Asker: 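One structure is given below, represented as structure tokens, and several questions about it will come after.
We're numbering straight along the sequence, starting at 1. For the numbers below, each heavy atom of this structure counts, side chains included, while hydrogens, waters and symmetry mates do not. Computed from a prediction, not measured in an experiment: that's the story for all the values here.
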Amino acid sequence: MNINLKNGTQTKTTKKVQDLLDPNILKSAKEIYSTYCHFHVKLAKPPIGVAIDKKTHRGQLLFTQRPILLPWENFIPMNKIES
């Protein structure tokens with residue numbers, strides 16, 4: 001927390017923390033997405049990402065804007081999967 005000394009007000013500053021992904025989880029998310037694309041050539045609505053289990057690396061594509069994740073799941077957005 002930073003304190004502005006001129007007028008005594010306090011301002012909160014937060015630093016952006018880069019999400020560090022396990023390469024194996026990212027690889028599994030890419031495989032899930034590519035399998036889905038292979039069987040569903042015409043996508044009606046593009047997915048926003050993949051919810052993937054941290055331990056088993058099983059996952060599913062998410063299509064809603066506000067996905068609900070379980071405590072043991074990670075969300076991998078499409079921009080990280082496609083890069």
Asker: Return the minimal non-hydrogen interatomic distance between Tyr33 and Pro47, and the atom names on each side.
Answerer: CE1-CG, 3.8 Å
Asker: What's the spacing between Lys30 NZ and Ile52 CD1 if we round to 0.5 Å?
Answerer: 12.0 Å
Asker: Output the distance between atom CD1 (Ile25) and atom CG (Asp53), rounded to the nearest 0.5 Å.
Answerer: 8.5 Å
Asker: Measure the CD-CG distance between Glu31 and Leu26 for me, rounded to the nearest 0.5 Å.
Answerer: 10.5 Å
Asker: Please give the remaining members of the hydrophobic cluster of Leu62, linking ILVMFWY side chains under 4.5 Å, ordered by chain and number.
Answerer: Ile48, Leu69, Phe75
Asker: What pair of heavy atoms forms the shortest contact from Glu73 to Ile68, and how long is it?
Answerer: OE1-O, 4.4 Å
Asker: At what distance, to the nearest 0.5 angstrom, does NZ of Lys54 lie from CG of Asn24?
Answerer: 15.0 Å
Asker: Measure the spacing between NE2 of His57 and CG of Asp22 and express it to the nearest 0.5 Å.
Answerer: 5.5 Å
